There are 2 protein chains.
Amino acid sequence: MRHSDSGCSAHHHSCAAAGSVQACVSIVPIFNHLEPVQLEQIMETVQSATYKKGETIYRAGEKSDSLYIVHKGSVKIYRLSASGKEHMVSLLHPGDFTGEYALFSESIHESYGEALEETQMCIIQRDDIHAFLEKYPAISLKILQEFSQKLERSEKQTAYFATEKVETRIALYLVELADKLSSGKTVVLPMSRKDLAAYLGTTPETISRKIADLEAQGLLKQLSKKKLEILDVDGLL
Amino acid sequence: MRHSDSGCSAHHHSCAAAGSVQACVSIVPIFNHLEPVQLEQIMETVQSATYKKGETIYRAGEKSDSLYIVHKGSVKIYRLSASGKEHMVSLLHPGDFTGEYALFSESIHESYGEALEETQMCIIQRDDIHAFLEKYPAISLKILQEFSQKLERSEKQTAYFATEKVETRIALYLVELADKLSSGKTVVLPMSRKDLAAYLGTTPETISRKIADLEAQGLLKQLSKKKLEILDVDGLL
DNA sequence: CCCATTCCTTGACGACGGTCAAGTTTTAAA
DNA sequence: TTTAAAACTTGACCGTCGTCAAGGAATGGG
């Protein structure tokens, strides 16, 4: 097992030896089913890094050779199109990970990772992951499960873009959010209009307008910029 | 290893015991690196089925518990949106597979599979696959590679839909096709305008119009309905 | 070969939503 | 707290593209 320390000395973000990193590994679905002994082995190889709000974690074009797990904070993954438009791929919270592509083929990042707040990441090198997979094949199955779920969601997402108009995509997003939070009927938007637009493939202006329209139709109510009360779920669909 | 014969007796498509199924397994990237002995074991568990043009292989809502590998012919995978619009997810050719989601979690199909011509499929049951993965962990790595590639492509696809307008998507599709076929500058569209529209998230009318526009701009030339000569790759991008 | 069906193309029209701009509110930094 | 910057909203305008409709081309079965 290689104890690489690359990625720390040469960067401006702060790094730490694996200290309270334990939680980081044990909250990830990929690893959280493992025996304590195995967990400990993995934790020995984990790098930790913290990023300030707005700081870039990786950028498109850079070599990609590690798995990033969010420990604390949140991370925005986005792509830039040839025409310079931003598309947000996903928003990562503690326990989520990124960099999967790198694990199984030499590759470079096609997306950007950016901390949305003070964020701590756990980083595992590809070679270390490979060693674990050989040692504990059960991990492969877990990763395969995660991958197939991600794939399923990504294809569903693509289908939405291909077949639904913006208003429908926004409505679907709000309903999905309400389901996920299951916080009654009040939804808290987890990001700015700009980011939401980048996620849903539209513009901040259209988001504002459509939410206003939905409110005018009596389907929801804006409690504040970020807080919406869903009044009629079926009407939204 | 279980030798299920479900899916044959009860259906109207024709089935066959594993006969000339050998090629089927050995052409798949997932398996083609295995030893002959291992290949043979897998082949013993393979079901074979043939479908006529237009025949449905599986539909959304059905239980999903096998991996489908295309042996001969071609298959269209598509989704139907709530509003009834069709989105083509992919077009499968010999060596391609589908049904991956099912392999790692109890699940039902979210898409439809339809034979576009006389097609022969090889079918492997989930339980059999699982047994192989435990026996030969190397297969997991291969599948993980395939998955991460599919995931990468799917996210790129989503980004296109989110950020590019229809004309750009069509142009990008043509260029990609030209690259893949590497057949000089002549491209043969592998599907009808209707299917192409379902793939690119637009309508047959718009496809016709945009291709006509591109021709008017001198970027390509229609040799026939399905044959296009790319005149200016850079102009298309 | 003929006919019916499906596929493709083109036109007219309008809706959806992107862009630009201006004004307002919120946020964060000094 | 004050001030600058960023975020949000709303209006006006217009380009892109989806819809509906009609005519022509290609395809396949009898």
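Lettering of chains follows the sequences in order, A, B, ..., and the numbering in each one begins at 1. Because the structure is a prediction, the values reported are computed rather than measured.
Under the ring pair (Phe, Tyr, Trp, His ring centres under 6.0 Å) criterion, Phe161(B) pairs with His87(B), sequence neighbours left out.
Taking only distance into account, the side chain of Arg209(B) meets the base of dT19(D) through a donor-acceptor pair shorter than 3.5 Å.
A donor-acceptor pair shorter than 3.5 Å cannot be found between the side chains of Tyr199(B) and Glu86(B). With 3.5 Å as the limit, one finds a donor-acceptor pair spanning the side chains of Tyr58(A) and Thr98(A). Between Glu117(A) and Ser74(A), the side chains place a donor N or O and an acceptor N or O closer than 3.5 Å (distance only, hydrogens not considered).
Between the CZ atom of Phe161(A) and the P atom of dG18(D) there is a distance of 16 Å, rounded to whole Å.
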Using a cut-off of 4.0 Å between protein heavy atoms and nucleotide atoms, how would you tag nucleotides 21-30 of chain C 5' to 3' with B, S and -?
-> -----S-S--
Kindly give the atom pairs (protein nitrogen or oxygen, nucleotide nitrogen or oxygen) under 3.5 Å for nucleotides 15-17 of chain C.
residue	atom	partner	partner atom	Å
dG17(C)	OP1	Val166(A)	N	2.5
dG17(C)	OP2	Lys210(A)	NZ	3.0

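Considering only heavy atoms from C-beta on, Ser48(A) stays 4.5 Å or farther from His71(A) through its side chain.
A salt bridge links Arg79(B) with Glu152(A): the distance from a Lys NZ or Arg NE/NH1/NH2 to an Asp or Glu carboxylate oxygen falls below 4.0 Å.
Phosphate proximity of dC8(D) to Gln222(A): absent, as no side-chain N or O sits under 4.0 Å from OP1 or OP2.
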Would you please test Glu55(A) and Lys76(A) for salt bridge (charged side-chain N to carboxylate O under 4.0 Å, His left out) and show each step?
-> CA-CA 11 Å; Glu55(A) 201 172 342; Lys76(A) 173 172 89 171; over 6 Å; no
